[in-house]
Visitor: 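Sending over a structure as structure tokens; questions will come in a sec.
The shown structure was predicted, so the numbers you read here are calculated from the model rather than taken from an experiment. Chain letters run A, B, ... following the sequence lines, proteins first and then strands; every chain starts at 1.
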Protein chains: 2
Amino acid sequence: MHSLIAIQQQLLPDLLVVMRKRYLILRQVMLSDMIGRRSLAASLEMTERVLRAETDFLKSQELLIIDAAGMRISEAGKRLLDEMEPFYKAMFGLSELEEKIRKHFGLKQVVIVSGDSDESPATGRELGRAGCSVLRKDMKANDVIAVTGGSTLAQVANQLTSQTPLRSNLFVPARGGLGESLDYQANTIASTMAKRTGAQYRMLHVPDHLGEEAYNSLMQEPNVREIVEVIREARIVVHGIGDAMVMARRRRVDAAVVEAMKAEGALAESFGYYFDRHGEVVHKMLTAGLRLEDIMETEVVIAIAGGRSKGEAIAAVMRFGHDDVLVTDEAAALEIAAIIEKESQ
Amino acid sequence: MHSLIAIQQQLLPDLLVVMRKRYLILRQVMLSDMIGRRSLAASLEMTERVLRAETDFLKSQELLIIDAAGMRISEAGKRLLDEMEPFYKAMFGLSELEEKIRKHFGLKQVVIVSGDSDESPATGRELGRAGCSVLRKDMKANDVIAVTGGSTLAQVANQLTSQTPLRSNLFVPARGGLGESLDYQANTIASTMAKRTGAQYRMLHVPDHLGEEAYNSLMQEPNVREIVEVIREARIVVHGIGDAMVMARRRRVDAAVVEAMKAEGALAESFGYYFDRHGEVVHKMLTAGLRLEDIMETEVVIAIAGGRSKGEAIAAVMRFGHDDVLVTDEAAALEIAAIIEKESQ
DNA sequence: TCAACGTGGACATAAAACGTCCCATATGAT
DNA sequence: ATCATATGGGACGTTTTATGTCCACGTTGA
């Protein structure tokens with residue numbers, strides 16, 4: 001059974017979307033006994049016209065009885081709902097989760113791949129693949145795309161492709177060097193993405209965290225200044241999310257600073273900033289890359305991160321509230337959902 | 001698993017059609033090793049443009065590899081075909097059958113509902129329902145529709161509906177009275193259909209088989225003559241198919257005639273005529289209703305019949321070669337397929 | 001080298017989906 | 001009995017998508 005669904009996902013990705021839509025309509029009609037088109041459209045958050053197309057179809061299948069008084073479910077419709085119940089969770093559990101998380105954080109889109117990146121590398125790859133689709137869909141001609149580092153972003157970079165060379169696009173690192181391994185550097189990832197898609201890329205050869213003096217003098221350099229300006233005007237930002245302490249350690253942040261951040265409740269790290277559980281930024285620092293105020297004005301901010309252990313961190317960054325799209329995996333999503341659940345009580 | 005397929009067939013029949021299309025493309029590509037768009041389109045009997053849309057999609061799913069040299073299937077594509085195999089028959093077995101029968105008899109359309117009308121009344125009703133859809137789709141304003149009698153046609157009549165009254169349509173019996181029970185008379189069925197759809201109807205109160213003298217004198221009657229002329233110009237004919245001997249007995253055909261027909265190999269009966277296995281008409285008779293030459297010129301001829309026992313008869317009438325659409329059930333279709341198979345050897 | 005066959009781009013046009021408004025009508029409260 | 005309200009369905013202009021048709025250009029194999 002499960003394998004059939006997997007096949008259909010590949011061969012007809014929107015099959016499940018349509019199926020869910022029709023299922024939800026049918027269910028809503030059943031719960032409402034008798035209901036009119038307009039109020040049904042409102043309660044399902046659909047426009048009247050597309051709902052109408054669907055109800056017309058359901059009527060033609062005799063799953064819905066629809067007359068001048070309104071519509072109600074037929075016997076065959078009830079039977080179908082019953083028979084479908086056992087499949088529902090397997091088929092649409094993730095969609096439900098997506099919708100829940102999307103709504104709670106006010107995101108434009110949430111994509112969840114099944115599995116746990118912590119446990120299985122395959123899930124990590126899936127995550128990368130999903131990130132690619134999202135990115136591809138959001139990219140337009142002449143876009144500048146800023147990307148951060150990290151293993152997840154590296155997965156995205158290694159799977160990104162494009163049918164035709166995207167000569168007009170420009171990939172840039174969101175931040176300067178952060179003392180990570182070369183493969184996971186933002187610079188590396190930006191260049192990989194550009195090479196794989198036939199796009200342009202520019203590097204930012206500057207350490208990320210800078211003292212005021214160094215910052216000022218670097219920004220005097222015309223070539224640094226120019227690329228920094230390009231970065232700060234990126235239309236799309238793609239970033240990973242990490243655990244604050246893990247990242248701090250990996251980046252050899254000063255022990256005293258680490259302690260300070262810990263004291264302030266630092267939980268998550270993303271595009272060089274550290275966030276506490278409420279999405280507040282802990283420890284603002286001068287940077288040559290994207291600053292918070294740039295992020296806030298970026299048109300499309302895409303977060304990509306997965307693994308059960310990252311659930312909390314992801315939730316923290318989402319609470320920061322300037323992301324538009326979240327791509328994650330099932331394990332992390334379940335953690336996030338649990339956090340939402342807990343605090344809504 | 002099987003029940004999921006049943007659900008999907010109700011909830012998204014149109015998407016399953018797409019799924020099959022993509023599967024067949026993928027399979028054809030695999031069988032061809034490497035093939036170009038045009039020749040593939042030809043072998044699948046699709047236009048080049050729609051095939052292209054599909055192959056573009058399959059490429060985006062990475063199921064197909066497509067470069068300047070042509071296209072071939074990817075590893076993922078092969079895997080998908082393998083995994084899909086066990087589901088294929090359950091999902092599209094009937095579509096395959098439909099296509100096979102359609103091609104063999106050169107029909108415009110074949111519709112098969114699952115089950116065996118001989119065994120289950122529910123299948124009979126399904127058959128009627130399917131007949132309704134076909135008829136509805138083929139009907140246009142101002143059409144005259146001639147219908148025959150029989151229990152299957154009665155099923156159609158009892159389920160035919162129309163959203164809006166079809167005031168411009170006219171239902172007429174294809175033939176005169178044939179000595180069957182009232183419910184199954186063509187007259188009854190025509191009037192039922194008309195009443196249920198808000199259409200017009202006309203009756204033909206004349207015995208079907210007539211001697212030459214009676215025929216001539218009846219045709220002198222202006223009102224008989226008029227309706228007969230209308231019948232003979234029907235744009236659509238809907239007819240059932242029966243076993244020759246069963247029908248002959250039910251209609252109390254003269255024993256000597258029955259013997260004669262038997263000797264000539266009469267196998268099937270339809271719209272008052274008897275056919276042998278080759279679709280040749282046995283025993284032409286004068287009739288006030290539709291004659292063979294009328295049928296041959298009718299724009300849309302729809303045959304509706306099911307049940308394993310009728311498979312042979314249906315095949316015989318199809319061989320007659322003037323039907324456009326066949327609506328039948330699985331059991332009959334399997335019989336028909338077996339007959340096709342047997343003689344193609 | 002050349003001919004045949006391949007893909008992919010381009011574009012006009014047909015067809016479908018969609019948003020929006022309106023109307024006759026059924027329903028239920030008054 | 002009547003009236004306000006909500007209903008389905010028709011209509012229609014607009015936008016989006018699908019489709020037919022050509023053509024440019026690259027690859028391949030003779």
Side-chain angles (χ1 to χ4, degrees), chain A residues 12-15 17-18 21-22 25-26 28-29 32-74 77 136-137 140-141 161-168 197-198, chain B residues 12-15 17-19 21-22 25-26 28-29 32-74 77 136-137 141 161-168 197-198:
Chain A
L12 208 51
D14 46 359
L15 178 137
V17 176
V18 176
K21 182 163 67 177
R22 292 181 181 168
I25 292 172
L26 217 46
Q28 191 64 32
V29 171
S32 315
D33 257 21
M34 174 80 86
I35 190 171
R37 194 207 305 149
R38 277 174 273 269
S39 44
L40 184 59
S43 75
L44 289 168
E45 299 179 54
M46 296 176 147
T47 66
E48 193 186 324
R49 196 62 182 75
V50 321
L51 174 71
R52 185 170 168 182
E54 296 301 338
T55 54
D56 282 356
F57 166 80
L58 291 171
K59 178 186 176 187
S60 80
Q61 294 293 103
E62 300 188 22
L63 299 169
L64 225 52
I65 298 168
I66 157 173
D67 57 31
M71 40 199 168
R72 59 192 192 281
I73 195 167
S74 73
R136 251 198 308 268
K137 223 178 52 199
K140 293 190 307 199
T161 54
S162 168
Q163 344 218 24
T164 54
L166 307 171
R167 292 197 190 79
S168 77
T197 56
Chain B
L12 17 93
D14 41 350
L15 293 198
V17 173
V18 177
M19 189 165 168
K21 181 165 63 178
R22 292 184 179 164
I25 293 172
L26 215 47
Q28 191 63 34
V29 171
S32 316
D33 253 21
M34 174 81 84
I35 189 170
R37 197 204 300 147
R38 277 175 273 271
S39 44
L40 183 57
S43 76
L44 288 168
E45 297 181 54
M46 295 176 146
T47 68
E48 193 185 324
R49 195 63 184 74
V50 318
L51 174 70
R52 184 171 167 185
E54 297 302 337
T55 52
D56 282 355
F57 166 83
L58 290 171
K59 178 187 178 186
S60 80
Q61 293 294 101
E62 301 185 20
L63 298 170
L64 226 52
I65 299 168
I66 153 174
D67 56 30
M71 41 200 167
R72 58 191 193 283
I73 195 166
S74 74
R136 252 198 306 271
K137 223 178 52 201
T161 53
S162 169
Q163 345 220 21
T164 53
L166 307 170
R167 292 198 190 81
S168 77
T197 56

Visitor: Not counting sequence neighbours, which residues clear side-chain contact (heavy atoms from CB on, under 4.5 Å) with B:D33? List them please.
Guide: none

Visitor: Taking only residues two or more places apart in sequence, or in another chain, which ones meet A:S60 in a side-chain contact (heavy atoms from CB on, under 4.5 Å)?
Guide: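 For A:S60, the residues satisfying side-chain contact (heavy atoms from CB on, under 4.5 Å) (neighbours in sequence not counted) are A:F57.
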
Visitor: Residues two or more places apart in sequence or in another chain: which of them pass side chain to side chain donor-acceptor pair (under 3.5 Å) with A:K59?
Guide: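 B:Q163.
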
Visitor: Donor-acceptor pairs under 3.5 angstrom involving side-chain atoms of residues 61-74 of chain B: please list them, not counting sequence neighbours.
Guide:
residue, atom, partner, partner atom, Å
B:Q61, NE2, A:Q10, O, 2.7
B:D67, OD1, B:A69, N, 2.9
B:D67, OD1, B:G70, N, 3.4
B:D67, OD2, B:R72, NH1, 3.3
B:S74, OG, B:E62, O, 2.9
B:S74, OG, B:L63, O, 3.1
B:S74, OG, B:A76, N, 3.3
B:S74, OG, B:G77, N, 3.0

Visitor: For B:R167, what residues pass the side chain to side chain donor-acceptor pair (under 3.5 Å) criterion, not counting sequence neighbours?
Guide: none

Visitor: Could you list the residues that satisfy side chain to side chain donor-acceptor pair (under 3.5 Å) with A:R52, not counting sequence neighbours?
Guide: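 For A:R52, no residue satisfies side chain to side chain donor-acceptor pair (under 3.5 Å) once neighbours in sequence are set aside.
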
Visitor: Can you pull the contact range of chain B along DNA chain C, 5' to 3', using atoms under 4.0 angstrom from its heavy atoms?
Guide: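 The contact span of chain B on DNA chain C goes from C:dG6 to C:dA10.
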
Visitor: Holding to side-chain contact (heavy atoms from CB on, under 4.5 Å), I want the full list of residues that pass it with A:S39, two or more places apart in sequence or in another chain.
Guide: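 For A:S39, the residues satisfying side-chain contact (heavy atoms from CB on, under 4.5 Å) (neighbours in sequence not counted) are A:I35.
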
Visitor: Which letters describe nucleotides 5-14 of chain D, given B = protein heavy atom under 4.0 Å from base, S = only from sugar-phosphate, - = neither?
Guide: --BBBBB---

Visitor: So, taking the atom named CD1 in A:I25 and the one named CD in A:E54, what distance separates them when rounded to the nearest 0.5 Å?
Guide: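 Between A:I25 CD1 and A:E54 CD, I get 5.0 Å after rounding to 0.5 Å.
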
Visitor: Under the side-chain contact (heavy atoms from CB on, under 4.5 Å) test, which residues partner B:V17, sequence neighbours left out?
Guide: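 In terms of side-chain contact (heavy atoms from CB on, under 4.5 Å), with neighbours along the sequence ignored, B:V17 is linked to no residue.
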
Visitor: For A:R49, check side chain to side chain donor-acceptor pair (under 3.5 Å) against everything at least two apart and list the hits.
Guide: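 Counting only residues at least two positions away or on another chain, A:R49 forms no side chain to side chain donor-acceptor pair (under 3.5 Å).
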
Visitor: So for the helix from C:dT1-D:dA30 to C:dT30-D:dA1, with five pairs setting each end axis, what is the inter-axis angle to 10°?
Guide: 30°

